[in-house]
Amino acid sequence: MPTILGANSVSSGYEISNSMRFNRGDAACLRKTFSGSPSSTKACTISFWTKLADPFNTDAKAIFSAIKSGVNEDVIKFMGVNNGILNSLEINFNNTNGGTMMVSSGNSTLIKFRDPAAWYHFVIAIDSSQGTASNRVKVYVNGTQFDVEARVEGGSITDDVVLTQDYELGFLTASAHSIGENVESAGNEPYDGYLADFYFVDGQQYAPTVFGETDDNGVWIPKEAKDDISFGNYGFFLEFQGTGTSADASGKGADTSGNDNHFDDANATAEDITTDTPTNNFATMNPLESDRQQGGAATFAEGNLQITTSYVDANYQRYPQVYSTQAVSSGKWYFEMKISTSDVDSSIGIFSPDNHASDSTTNPYGGYATTGCIFTDRGSVRINDGQTTGLGTWSQNDIVGCALDIDNDKVYFHRNGTYVQSGDPAGNSGGQAIPSNTTYGFSVGCDKPSDSGTMQVNFGNPIYTISSGNTDGKYGNFEYAVPSGFYAVCTKRLAEFG
């Protein structure tokens with residue numbers, strides 16, 4: 001079920017302005033080889049926020065790694081499918097089973113991080129000099145400390161694994177370091193998701209309250225910590241505000257701690273710097289809530305904003321649809337989609353999260369069957385199994401848009417900025433009437449039984465180059481003008497107008 005966000009208070013504290021999107025297929029990462037002496041060889045703190053991409057991807061996903069010696073490394077990563085622990089967090093010291101710790105909730109019950117709609121905050125505070133074994137590695141998730149005593153050995157979980165006292169950390173070694181890959185070899189275990197506010201502190205084991213706090217609603221939120229931290233020689237803080245390709249103050253891996261420990265970037269683009277952050281969470285497409293679970297075929301890339309679907313003429317005989325992580329019950333909302341392949345087999349539209357599960361098993365258009373509406377590449381608008389045709393077909397590189405007006409029970413579609421069905425969203429005329437008193441989410445999908453279609457979805461953080469650049473008045477980056485009174489699908493706007 002998509003996240004249904006209502007009218008929350010608009011945050012007014014510390015704001016994270018940017019994140020970096022790491023696309024597994026590109027093996028995008030940041031790299032730096034440290035030199036000189038660290039402030040400590042035994043104590044450090046790593047703090048970062050992350051939003052995961054496709055949790056069905058069965059490969060390991062490395063977040064931060066550093067060479068310890070030879071090809072052995074210290075690494076923090078989400079586990080792959082091995083031993084049935086997909087997306088559990090592993091901290092591996094010196095690339096050995098004996099140094100592997102995994103985050104659990106006690107009794108060897110591993111925590112699996114699988115929500116692609118949520119931003120998680122991790123603090124990993126290490127001090128191998130501590131005499132009490134359980135104090136040497138502390139892991140906090142959204143401000144709560146969890147056990148780190150479990151490891152995988154021979155396919156089973158073994159308790160009471162601790163970091164060897166006085167172990168000298170690979171993270172604090174004059175060696176190669178990587179964010180977004182396992183440094184053991186280039187492109188190994190590439191990350192898949194978003195990272196924001198990435199701190200590395202040399203010489204201190206900090207508590208999570210240095211980096212975050214609980215707000216009046218009981219939600220863990222970030223706070224400004226840079227001025228309260230002693231970073232040490234190897235310390236750095238990445239805010240992902242630059243789009244350059246070099247290891248300098250304008251690069252994607254620019255260090256703003258004052259240490260100038262800048263990282264070089266590999267295989268990333270300017271579009272990988274986004275405004276999807278823990279303080280303004282944008283919608284993406286949801287791998288957990290797609291019709292590939294009902295027999296369709298859909299693959300996810302680029303932070304769940306690039307979708308490839310194909311028709312599966314099997315038990316369900318259906319056109320697979322993919323649904324958004326956020327849904328709304330009031331207000332006016334806008335998003336776009338670019339056709340990135342010559343096979344334009346695709347559609348854009350809205351669906352009802354309350355009804356699409358039952359609809360999807362009886363109709364080839366899934367959630368659109370009775371409670372949604374789509375605009376297809378064949379130039380038709382479909383609703384309630386009926387359709388309006390002759391609205392113009394799509395071609396590769398076309399950008400189509402959807403403007404949803406729940407307040408007036410209308411949806412509008414455009415192709416390259418020209419609205420079909422005499423639509424004028426700002427003037428509340430034309431367009432397609434939709435059922436009232438319904439919660440709607442957003443969707444893209446397959447439209448006809450051909451090979452496949454690849455769609456790049458833009459809720460305001462495009463993965464493709466925008467030639468013009470339009471906001472909703474404050475947020476988002478769109479190719480075409482957002483109709484007056486319509487907004488990007490993000491938590492800031494949902495708090496104001498949802």
Side-chain angles (χ1 to χ4, degrees), residues 3 5 7-21 30 39 43-52 63-64 76 89 103 111 113 115 117-127 137-146 171 179 193-232 234-242 249 252-259 261 263 273-282 461 474-475 490-496:
T3 303
L5 298 168
N8 303 308
S9 60
V10 181
S11 61
S12 58
Y14 171 64
E15 299 290 336
I16 298 177
S17 60
N18 291 86
S19 69
M20 182 169 174
R21 182 191 299 117
L30 301 171
S39 298
C44 69
T45 303
I46 302 147
S47 169
F48 58 88
W49 288 82
T50 188
K51 184 163 78 166
L52 304 175
I63 301 163
F64 184 44
I76 300 166
L89 188 74
V103 179
I111 301 173
F113 300 95
D115 185 353
W119 279 93
Y120 294 99
H121 181 225
F122 290 88
V123 173
I124 301 165
I126 306 168
D127 184 354
V137 180
K138 299 178 181 180
V139 176
Y140 307 86
V141 183
N142 295 341
T144 299
Q145 185 174 0
F146 289 92
F171 296 126
I179 295 170
Y194 302 76
L195 291 173
D197 262 24
F198 199 110
Y199 287 88
F200 180 72
V201 181
D202 169 7
Q204 301 288 333
Q205 189 184 42
Y206 281 119
T209 49
V210 173
F211 309 96
E213 59 189 349
T214 302
D215 69 9
D216 293 340
N217 296 315
V219 177
W220 185 256
I221 60 173
K223 70 179 187 181
E224 198 283 323
K226 182 169 66 173
D227 295 337
D228 300 321
I229 286 175
S230 297
F231 280 92
Y234 279 17
F236 59 83
F237 177 37
L238 307 187
E239 298 183 80
F240 307 114
Q241 294 182 353
K252 301 178 187 68
D255 170 27
T256 59
S257 71
N259 279 350
N261 285 324
F263 279 67
I273 301 301
T274 89
T275 55
D276 187 342
T277 74
T279 55
N280 192 16
N281 188 2
F282 277 75
N461 278 294
K474 191 172 184 180
Y475 302 109
C490 60
T491 52
K492 288 288 190 186
R493 287 310 200 188
L494 289 164
E496 294 178 88

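- To the nearest 0.5 Å, the span separating CZ on Phe146 from OG1 on Thr144 amounts to 5.0 Å.
- Electrostatic pairing of Glu15 and Lys492 counts as a salt bridge here, judged by a charged N lying under 4.0 Å from a carboxylate O.
- For the pair Gln204 and Ser230, the tightest heavy-atom approach, listed with the atom from each and the gap, is CG-O, 4.0 Å.
- The one candidate from Ile111, Val141, Ile76 that meets the side-chain contact (heavy atoms from CB on, under 4.5 Å) condition with Leu89 is Ile76.
- Shown here for Ala125 and Gln205, the closest heavy-atom pair between the two residues is O-NE2, 3.2 Å.
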Problem set entry | Check against side chain to side chain contact (heavy atoms under 4.5 Å, CB included), Tyr475 and Thr275 | CA-CA 9 Å; Tyr475 302 109; Thr275 55; over 6 Å; no
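- Looking at every heavy atom in both residues, Asp228 comes nearest to Glu224 through OD2-O, 3.9 Å.
- In this structure, Leu238 and Met20 have side chains that are not in contact, with every pair of non-hydrogen atoms separated by 4.5 Å or more.
- In this structure a side-chain-to-backbone donor-acceptor pair under 3.5 Å is missing from Asp202 to Gly235.
- Checked against salt bridge (Lys or Arg N to Asp or Glu O under 4.0 Å), Asp197 has no partners two or more places apart in sequence or in another chain.
- For Thr277, the side-chain contact (heavy atoms from CB on, under 4.5 Å) criterion is met by Ile16, Thr279, Asn280, not counting sequence neighbours.
- Here Asn259 pairs with Phe231, Asp255, Ser257, Asn261 under the side-chain contact (heavy atoms from CB on, under 4.5 Å) rule; sequence neighbours left out.
- The main-chain N or O of Val219 is never found under 3.5 Å from a side-chain atom of Asn217 such that the two would form a donor-acceptor pair.
- Under the rule for a side-chain hydrogen bond (donor to acceptor under 3.5 Å, both in side chains), Trp49 has no partner lying at least two apart in sequence or in another chain.
- Between atom NZ of residue Lys138 and atom CD of residue Gln145 there is a gap of 6.0 Å, rounded to the nearest 0.5 Å.
- Nearest heavy-atom pair across Gly143 and Pro208 is O-CG, 4.1 Å.
- Annotation: ring-ring contact (aromatic ring centres under 6.0 Å, His included) contacts of Phe240 (sequence neighbours excluded): none.
- In this pair, Phe237 and Tyr199 present their aromatic rings parallel. The plane angle is below 30°, not in the 30 to 60° band.
- At a threshold of 4.5 Å between non-hydrogen side-chain atoms, the residues Asn281 and Trp119 count as touching.
- Taking CG from Leu195 and CD1 from Ile179, the interatomic distance works out to 7.5 Å, rounded to the nearest 0.5 Å.
- Taken to the nearest 0.5 Å, the CD atom of Gln241 stands 6.5 Å off from the OG1 atom of Thr256.
- For Phe48, the ring-ring contact (aromatic ring centres under 6.0 Å, His included) partners at least two apart in sequence or on another chain are Phe122, Phe198.
- Every residue two or more places apart in sequence or in another chain that forms a salt bridge (Lys or Arg N to Asp or Glu O under 4.0 Å) with Lys226 is listed here: Glu239.
- Residues satisfying the side-chain contact (heavy atoms from CB on, under 4.5 Å) criterion with Thr274, sequence neighbours excluded, are Ser19, Arg21, Tyr194, Asp276, Asn461.
- Residues satisfying the side-chain hydrogen bond (donor to acceptor under 3.5 Å, both in side chains) criterion with Thr50, sequence neighbours excluded, are Tyr191.
- Rounding to the nearest 0.5 Å places CG of Leu52 at 6.0 Å from OH of Tyr120.
- Taking the six-membered ring where the residue is Trp, the centroids of Phe171 and Tyr234 are separated by 6.0 Å or more.
- Rounding to the nearest 0.5 Å places OG1 of Thr45 at 9.0 Å from CG of Asp127.
- Residues that satisfy the ring-ring contact (aromatic ring centres under 6.0 Å, His included) test with Phe282, not counting sequence neighbours, are absent from this structure.
- With sequence neighbours left out, Ala254 forms a side-chain contact (heavy atoms from CB on, under 4.5 Å) with His262.
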